[in-house]
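Worksheet: one structure, shown below.
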Amino acid sequence: MIGIKKETKMGREAILKSVKENKPELLPLPEIDTSAFQEDIDLVKTFKNNLVLVGGQIFEISTDGIDSKIMEHYPDKSSIVSTTTKSNLGNVIINKDTNPHTLEHIDLAIIEGKLGVSENGAIWITASNSLVRALPFITNDLVIILEKRNICLHMLEAYDSISKRDRDFGVFISGPSKTADIEQCLVVGAHGAMSLTVILL
């Protein structure tokens with residue numbers, strides 16, 4: 001009938017071809033003057049304040065006090081994974097081939113962070129830090145060990161630093177898991193760790 005549009009079915013190859021033929025012109029990335037974002041601030045102090053602001057807790061201690069500080073704050077944890085040589089508390093052994101479904105009982109995970117970001121209290125975690133991608137999220141509580149010298153000013157500096165990495169899993173973690181619904185009711189531990197403790201060396 002005149003005036004009735006016929007449905008045209010396109011296969012996968014036709015769709016891909018159409019997309020390729022109609023791609024918009026590539027535009028260069030904008031030039032960002034990073035000097036405009038420089039601030040003369042205390043990186044460690046600002047990092048600590050922002051980490052607390054997003055729900056985490058932080059302790060600045062020496063290396064030999066790590067395990068005693070962790071046990072002081074998590075005395076009842078029985079299933080502990082430690083992927084760092086800086087802690088001897090781990091009693092559950094994992095490797096990169098561990099099935100993440102077997103980690104649902106983990107009370108506490110202790111890992112190292114590669115990089116801290118002063119402006120938002122975020123910490124960069126890599127595959128080598130966590131071994132199993134799900135570990136920082138499936139554990140009930142999370143401890144991240146971070147060296148002060150690895151704290152940068154802002155995300156621009158952080159992205160510049162991690163751009164030179166091997167292209168593997170990585171994630172920024174800022175505080176414990178949390179969400180807020182439309183009523184602005186904040187819920188901590190919604191889809192991940194109930195608490196985040198940072199040990200700053």
Subject >> Worked verdict on Asn129 versus Lys114 for side-chain contact (heavy atoms from CB on, under 4.5 Å) >> reply: CA-CA 8 Å; Asn129 297 132; Lys114 288 282 189 183; 3.3 Å; yes
Original post:
Excluding sequence neighbours, so at least two apart, what forms ring-ring contact (aromatic ring centres under 6.0 Å, His included) with His73?
Top reply: Phe59
Subject >> side-chain contact (heavy atoms from CB on, under 4.5 Å) between Thr126 and Asp168, intermediate numbers included >> reply: CA-CA 7 Å; Thr126 67; Asp168 203 342; over 6 Å; no
Original post:
Under the side chain to side chain contact (heavy atoms under 4.5 Å, CB included) test, which residues partner Asp42, sequence neighbours left out?
Top reply: Val44, Lys45
Subject >> Any donor-acceptor pair under 3.5 Å from Ser118 side chain to Leu43 backbone >> reply: yes
Original post:
Can you find a pair of side-chain heavy atoms, one from Tyr74 and one from Thr197, that are under 4.5 Å apart?
Top reply: yes
Subject >> Residue pair Ile61 / Lys69: nearest heavy atoms and the distance that separates them >> reply: CD1-CB, 3.8 Å
Original post:
Which of these passes side chain to side chain donor-acceptor pair (under 3.5 Å) with Ser195: Thr139, Asn140, Asp141?
Top reply: Asp141
Subject >> Rounded distance (nearest 0.5 Å) linking atom CZ of Phe47 with atom CG of Leu200 >> reply: 6.5 Å
Show which side-chain atoms of residues 14-25 pair as donor or acceptor with protein atoms under 3.5 Å away, not counting sequence neighbours.
{"residue": "Asn22", "atom": "ND2", "partner": "Ser18", "partner atom": "O", "Å": "2.6"}

Original post:
If you round to the nearest 0.5 Å, how far is NZ of Lys86 from OG1 of Thr63?
Top reply: 6.5 Å
Original post:
Going hydrophobic residue to hydrophobic residue with side-chain gaps under 4.5 angstrom, can you get from Ile70 over to Ile123?
Top reply: no
Subject >> Worked verdict on Phe37 versus Ile32 for side-chain contact (heavy atoms from CB on, under 4.5 Å) >> reply: CA-CA 10 Å; Phe37 299 93; Ile32 299 176; 3.8 Å; yes
**OP:** Over all heavy atoms of both residues, which pair between His154 and Val117 is shortest? Give the atoms and the distance, please.
**Re:** C-CG1, 3.6 Å
**OP:** Compare every heavy atom of Ser87 with every heavy atom of Ser82, then report the nearest pair and how far apart it is.
**Re:** OG-O, 3.4 Å
Original post:
Out of curiosity, Ile80 CD1 to Asp67 CG, how far, rounded to the nearest 0.5 Å?
Top reply: 9.0 Å
**OP:** I would like to know whether Leu131 and Val81 meet side-chain contact (heavy atoms from CB on, under 4.5 Å); could you show each step before the answer?
**Re:** CA-CA 11 Å; Leu131 293 183; Val81 170; over 6 Å; no
Original post:
Does Leu156 reach the side chain of Gln38, with side-chain heavy atoms less than 4.5 Å apart?
Top reply: no
Original post:
For atom CD of Glu104, is the number of surrounding heavy atoms from other residues, nucleotides or ligands below 6.0 Å larger than 12?
Top reply: no
Original post:
Asn91: what forms a side chain to side chain donor-acceptor pair (under 3.5 Å) with it, not counting sequence neighbours?
Top reply: none
Original post:
Going from CG on Leu108 to CG on Asp76, what distance comes out if it is rounded to the nearest 0.5 angstrom?
Top reply: 11.5 Å
Original post:
For the residue pair Pro176 and Lys178, what are the closest heavy atoms and their distance?
Top reply: O-NZ, 3.0 Å
Original post:
Mind checking whether Val198 and Leu201 sit in one hydrophobic cluster, side chains of I, L, V, M, F, W, Y counted as touching below 4.5 Å?
Top reply: no
Original post:
Which residues satisfy the salt bridge (charged side-chain N to carboxylate O under 4.0 Å, His left out) test with Glu31, sequence neighbours excluded?
Top reply: none
Original post:
Distance from Ile125 atom CD1 to Ile111 atom CD1, nearest 0.5 Å?
Top reply: 4.0 Å
Subject >> Hydrophobic cluster identity match, Met71 and Ile66, side-chain contacts under 4.5 Å >> reply: yes
Original post:
Among Val132, Ile110, Leu135, which one satisfies side chain to side chain contact (heavy atoms under 4.5 Å, CB included) with Thr83?
Top reply: Leu135
Original post:
Listed by chain and number, what are the ring-ring contact (aromatic ring centres under 6.0 Å, His included) partners of Phe172, not counting sequence neighbours?
Top reply: Trp124, Tyr159
Original post:
When rounded to the nearest 0.5 angstrom, what distance separates CG in Leu142 from CE in Met194?
Top reply: 13.0 Å
Subject >> Minimal non-hydrogen separation, Met155 against Asn120, with atom names >> reply: SD-ND2, 3.5 Å
Original post:
Leu51, Ile41: one ILVMFWY side-chain cluster at the under-4.5 Å cut-off?
Top reply: yes
**OP:** Scan Val54, Ile144, Val143, Ile58 and name whichever one has a side chain to side chain contact (heavy atoms under 4.5 Å, CB included) with Leu196.
**Re:** Ile144
**OP:** Go through the side-chain N and O atoms of Thr46 and Asn49 and say whether any donor and acceptor fall under 3.5 Å apart.
**Re:** no
**OP:** Report yes or no: do Leu53 and Ile173 belong to one cluster of Ile/Leu/Val/Met/Phe/Trp/Tyr joined by side chain heavy-atom distances under 4.5 Å?
**Re:** no
Subject >> Shortest non-hydrogen contact from Leu153 toward Glu157 >> reply: N-OE1, 3.2 Å
